Amino acid sequence: MTSKTKKTIAFSIAAILIIVASFILFFSSRTSQNTLSAERNQGVLGELLIDSVPQYVVIRPGLMFKLDTGSDYSAITERDLHFLDSLGFKATESYYPILGRNGRGDVKLKTKRYTLSLPLYMWDTTTDSLGNIRQNCNYNASNVLANVDFVPASTEFSVLGIDFIEKFIVEFRSNENMLALYFDEPDGYEMCERLERSQSPVYWPFIGHRYYMDASVDSNLGRYFFDTGMQKAFVHRPMKDLPTDLRNSKQDSVTSLRGTFYAVGDRNGWLQIGDREGKETIYYFDNDEEEYSINPLNMRDNIDLLFNFPAQQIGFKY
């Protein structure tokens with residue numbers, strides 16, 4: 001190899017490294033929801049009714065979003081833009097390139113941004129004579145979030161991604177099937193486990209964060225991705241970890257927007273999160289996403305939880 005060839009190769013490698021570094025620096029400088037604010041910022045900012053499919057939340061009748069910690073950015077459909085516009089919440093459009101995963105888990109480059117105000121409401125919960133819970137949106141108890149950032153949805157549904165969710169302290173009221181948003185931590189919760197942001201360079205160009213938490217399954221401590229988009233399963237582990245001495249299992253399947261996957265549920269799994277522990281069905285299946293994941297919204301027990309994303313903590317009700 002001649003000296004000239006070596007120099008050409010060296011310059012080519014240096015140019016590629018400079019391009020890659022510039023790409024990473026540019027997209028890692030992108031932000032979302034940084035100017036988000038609330039008209040009323042004390043106490044409960046608003047409540048989100050969890051739909052029959054756990055990963056969807058209803059802001060008010062006619063306005064539903066997929067709640068997805070696995071989506072880097074929040075996205076909105078043309079239909080929901082028009083609906084909000086009819087309520088007096090008109091979007092402004094701007095050019096703003098960002099890179100990240102969408103509500104299906106596909107990596108997309110987006111160049112258009114919508115910024116708008118988003119209404120929040122309280123919900124009145126009643127129980128009828130048969131014990132059925134009824135929830136009605138209280139339009140008189142409203143709040144408004146200003147400067148909420150969205151990209152055009154590449155799916156048929158709108159999404160509240162981790163860029164939005166992580167700005168709040170989120171309370172999960174299991175009996176009411178409701179989420180409540182706060183800026184200040186409410187009383188009555190004991191913090192028991194950390195939520196950790198991924199520091200992997202792989203995610204640097206993406207606009208969102210990946211959150212993980214420690215949990216122990218059958219005395220095996222692991223790091224689990226916090227995934228509100230996961231259907232059915234509370235705790236997911238890969239098939240390679242399936243116990244060989246199962247005594248109480250079920251054959252099942254888990255469906256996501258990426259497909260349907262054969263699963264085995266171990267009904268005798270022993271789960272520990274912080275200082276809380278007990279029997280829990282552990283799902284074992286393989287997909288093309290995280291090997292280990294957890295969706296606390298799928299917890300079987302009626303336990304209220306608090307997800308303090310700004311402080312990166314999880315709490316249980318006293």
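Quick caveat, the model's predicted, so the values are computed rather than measured.
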Does either side chain, that of [X] or that of [Y], offer a donor lying less than 3.5 Å from an acceptor on the other one?
X	Y	value
N308	Q313	no
Y211	E166	yes
T255	T260	yes
E47	Y121	no
D304	S174	yes
Y283	D266	no

Steps toward side chain to side chain donor-acceptor pair (under 3.5 Å) verdict (E196, Q312): CA-CA 6 Å; E196 297 182 4; Q312 296 179 224; over 6 Å; no

Decide yes or no for [X] and [Y]: does some side-chain heavy atom of the first lie under 4.5 Å from some side-chain heavy atom of the second?
X	Y	answer
L87	R60	yes
D128	R134	yes
N102	D68	no
D286	F261	no
V264	F285	no
D51	V57	no
V170	L306	no
Y96	K112	no

Stepwise side chain to side chain donor-acceptor pair (under 3.5 Å) check, N295 with T228: CA-CA 5 Å; N295 184 359; T228 59; 5.6 Å; no

Pairs touching residues 113-125 that satisfy salt bridge (Lys or Arg N to Asp or Glu O under 4.0 Å), sequence neighbours left out: R113-D149

Selection residues 206-215 - residue pairs positive for salt bridge (Lys or Arg N to Asp or Glu O under 4.0 Å), sequence neighbours left out: R210-E290

My understanding is that only residues two or more places apart in sequence, or in another chain, count here; which of them pass side chain to side chain contact (heavy atoms under 4.5 Å, CB included) with [X]?
X	answer
S86	F83
V217	Y224, V235, R237, L271, I282, Y284
Q199	R197

Verdict with reasoning, Y189 to Y318, per ring pair (Phe, Tyr, Trp, His ring centres under 6.0 Å): CA-CA 6 Å; Y189 287 88; Y318 288 134; 7.6 Å; no

F226 vs F307, ring pair (Phe, Tyr, Trp, His ring centres under 6.0 Å): CA-CA, chis, key distance, verdict: CA-CA 11 Å; F226 189 98; F307 313 123; 5.2 Å; yes

Listed partners of D275 passing salt bridge (charged side-chain N to carboxylate O under 4.0 Å, His left out), at least two apart: none

Residues D163, S32; criterion side chain to side chain donor-acceptor pair (under 3.5 Å); working and verdict: CA-CA 6 Å; D163 66 324; S32 184; 2.7 Å; yes

Trace of the salt bridge (charged side-chain N to carboxylate O under 4.0 Å, His left out) decision for E291 with K240: CA-CA 10 Å; E291 277 195 318; K240 67 182 182 181; 3.5 Å; yes

Step-by-step side chain to side chain donor-acceptor pair (under 3.5 Å) determination, W270 to E280: CA-CA 6 Å; W270 191 260; E280 182 65 45; over 6 Å; no

CA sep, side-chain torsions, deciding dist, call: I165, F309, side-chain contact (heavy atoms from CB on, under 4.5 Å): CA-CA 8 Å; I165 299 167; F309 285 95; 3.6 Å; yes

